[in-house]
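Heads up: the structure comes next, in structure tokens.
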There are 2 protein chains.
Amino acid sequence: MLSKKTKYGLKALAFLASQKGKGPVQIAEIAKHETISQKFLESILLSLRKTGFLGSKKGKGGGYYLIKEPKEVLMTDIMRVLEGPIAMVPCVSLNFYEKCDDCPSEDDCSVHMLMLKVRDSALEVYRNNTLADLVT
Amino acid sequence: MLSKKTKYGLKALAFLASQKGKGPVQIAEIAKHETISQKFLESILLSLRKTGFLGSKKGKGGGYYLIKEPKEVLMTDIMRVLEGPIAMVPCVSLNFYEKCDDCPSEDDCSVHMLMLKVRDSALEVYRNNTLADLVT
DNA sequence: GATTATCCTATTAAGTCTATAGGGTAATAG
DNA sequence: CTATTACCCTATAGACTTAATAGGATAATC
């Protein structure tokens with residue numbers, strides 16, 4: 001299940017991409033347009049700023065804006081920041097690898113190979129889509 | 001994230017597939033071999049029996065056994081029973097469709113199309129893998 | 001009829017997710 | 001310089017889900 005945080009984050013990013021070139025957009029405007037709790041959205045945008053996707057400007061006329069061109073922003077990078085690992089088990093995660101605590105051996109795990117295939121198929125989608133693809 | 005229920009269920013099914021032809025296998029034996037809490041596994045096996053994947057025999061010499069040939073059991077069917085929807089949002093789910101409560105319109109949702117692609121890619125993997133593929 | 005092993009319900013402990021509260025800080029306009 | 005605007009940051013609470021446990025009921029076998 002996709003978390004609300006990720007879903008709202010994606011919607012906000014897509015909205016900002018569609019407003020590209022019009023200067024900073026206020027949280028309140030994004031929240032209203034996408035029907036998202038403003039306070040919750042605030043924390044999501046903050047994390048997107050800290051991870052380098054968004055810039056912000058304070059005070060009157062301030063708001064959030066995209067730093068890169070939508071076409072340059074891969075879905076893999078967005079998803080990892082918002083949702084975390086793309087893999088469904090830590091033992092097949094590229095960026096968040098961990099040994100599964102309930103598995104004595106990865107080679108003997110009947111689930112390992114299947115989840116590897118699922119991860120690869122998801123990765124292919126995310127690698128072939130950018131923020132620009134969310135807008136059109 | 002894959003739930004423990006699903007992971008344990010898959011491991012149990014794979015073990016039963018590897019023991020195919022040796023008669024019923026006791027819960028205790030499966031739990032020990034896969035290092036799973038026996039009581040928790042009990043409830044998982046029960047749900048797999050109620051959904052037609054496993055048969056069971058009570059009393060001495062009893063246990064669980066596969067009903068179909070491992071090659072005949074598609075991963076799509078197993079995953080839907082154990083994990084639930086394959087889609088990451090209800091609005092792109094084939095078997096568990098629901099309108100997203102936070103979306104006024106699916107056509108205007110920037111996330112919808114992407115999640116459709118992710119679902120399709122996962123489906124392709126699950127449709128091309130059977131229980132037999134977990135064993136080898 | 002004693003033993004074995006599945007069947008079934010209820011409950012709890014832990015963790016995560018979503019959202020809210022309440023104020024602090026910086027920039028801008030006049 | 002001061003009032004206003006809008007982002008910044010931490011803490012916390014409520015709801016929900018998951019993982020696991022407890023305790024016994026039921027059915028089959030020897």
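To find a chain, count down the sequence lines: A is the first, B the second, and so on, and within it residues start at 1.
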Check whether any side-chain heavy atom of K20(A) lies under 4.5 Å from a side-chain heavy atom of L66(A), and answer yes or no. yes

Name the nucleic acid region contacted by K50(B), choosing base, sugar-phosphate or nothing; use a 4.0 angstrom heavy-atom cut-off, strictly under. sugar-phosphate

Rounded to whole Å, please give me the gap between CD1 in I44(A) and C1' in dC7(D). 15 Å

Mind checking K39(B) for me? I need base, sugar-phosphate or nothing, with any heavy atom below 4.0 Å counting as a touch. base

Suppose we screen for side chain to side chain contact (heavy atoms under 4.5 Å, CB included). Which residues come up paired with T136(A), at least two apart in sequence or across chains? none

Evaluate whether atom NZ of K4(A) has more than 12 neighbouring non-hydrogen atoms of other residues, nucleotides or ligands under 6.0 angstrom away. yes

Mapping Q26(B) and S43(B) onto DNA chain C by nearest heavy atom, which one lands closer to the 5' end? Q26(B)

Below 3.5 Å is the cut-off: list the nitrogen or oxygen pairs between protein and nucleotides 24-30 of chain C, distance only.
residue	atom	partner	partner atom	Å
dA26(C)	O4'	K58(A)	NZ	2.9

note: L41(A), atom CG; dT20(C), atom P; distance rounded to Å ~ 12 Å

Atom CG of D133(A) and atom OG1 of T130(A): how far apart are they, to the nearest 0.5 Å? 4.0 Å

Enumerate, atom names and distances included, each donor-acceptor pair closer than 3.5 Å involving a side-chain atom of residues 111-124 of chain B, sequence neighbours excluded.
residue	atom	partner	partner atom	Å
K117(B)	NZ	N129(A)	OD1	2.9
R119(B)	NH1	V92(B)	O	2.8
S121(B)	OG	S121(A)	O	3.4
S121(B)	OG	S121(A)	OG	3.4
S121(B)	OG	V118(B)	O	2.9

What distance separates F96(B) CZ from R80(B) CZ, expressed to the nearest 0.5 Å? 7.0 Å

Rounded to whole Å, CZ of F40(A) lies from P of dA11(D) at a distance of 18 Å

Looking only at side-chain N and O atoms, does S56(B) come under 4.0 Å of OP1 or OP2 in dA5(C)? no

Straight-line distance of I86(B) CD1 to N95(B) CG, nearest 0.5 Å: 7.5 Å

Side-chain heavy atoms under 4.5 angstrom apart, residues restricted to Ile, Leu, Val, Met, Phe, Trp, Tyr: same cluster for M79(A) and L94(A)? yes

Closest to the L46(A) side chain: dA20(D), dC9(D), dT18(C)? dC9(D)

For the residue pair E83(B) / S3(B), report whether a side-chain donor-acceptor contact shorter than 3.5 Å exists. yes

Rounded to the nearest angstrom, tell me the gap between atom CD in Q38(A) and atom P in dG22(C). 16 Å

With a 4.0 Å limit, can you tell me whether Y8(A) has a side-chain N or O closer than that to the phosphate oxygens OP1/OP2 of dA19(C)? yes

Candidates dT6(C), dA20(D), dC8(D) - which lies nearest the side chain of E42(A): dC8(D)

Rounded off to whole Å, could you give me the CG-to-C1' distance for the L82(A) and dC17(C) pair? 15 Å

If you only use heavy atoms from C-beta on, which nucleotide in dA5(C), dT18(C), dC7(C) is closest to the side chain of R49(B)? dC7(C)

Just checking L45(A): base, sugar-phosphate only, or nothing, at a heavy-atom cut-off of under 4.0 Å? nothing

List, with names and distances, any nitrogen or oxygen atoms from the protein found under 3.5 Å away from nitrogen or oxygen atoms belonging to nucleotides 12-15 of chain C.
none

Under 3.5 Å, side-chain donor or acceptor atoms of residues 30-56 of chain B against the rest of the protein: list the pairs with distances, not counting sequence neighbours.
residue	atom	partner	partner atom	Å
S37(B)	OG	F40(B)	N	3.3
S43(B)	OG	F40(B)	O	2.8
S47(B)	OG	I44(B)	O	2.9
T51(B)	OG1	S47(B)	O	2.7
T51(B)	OG1	L48(B)	O	3.3

Any side-chain heavy-atom pair from C109(A) and K11(B) closer than 4.5 angstrom? yes

If the cut-off is 4.0 Å, is S37(B) near the phosphate of dA19(D), judged by side-chain N/O to OP1 or OP2? no

Protein and nucleotides 13-17 of chain D: nitrogen or oxygen contacts under 3.5 angstrom:
none

Just the rounded figure in Å: distance from P of dA19(C) to NZ of K7(A). 11 Å

When rounded to whole Å, the CG to P distance for the pair L54(A) and dA6(D) reads 18 Å

Smallest separation among heavy atoms of L131(B) and A17(B), with atom names: CG-CB, 4.2 Å

State whether the number of non-hydrogen atoms from other residues, nucleotides or ligands found under 6.0 Å of K71(B) atom NZ is greater than 12. no

Where the side chain of K4(A) is concerned, which of dA19(D), dT18(C), dT6(C) is the nearest nucleotide? dT18(C)

Rounding to an integer number of Å, can you tell me how far I27(B) CD1 sits from dT26(D) C1'? 14 Å

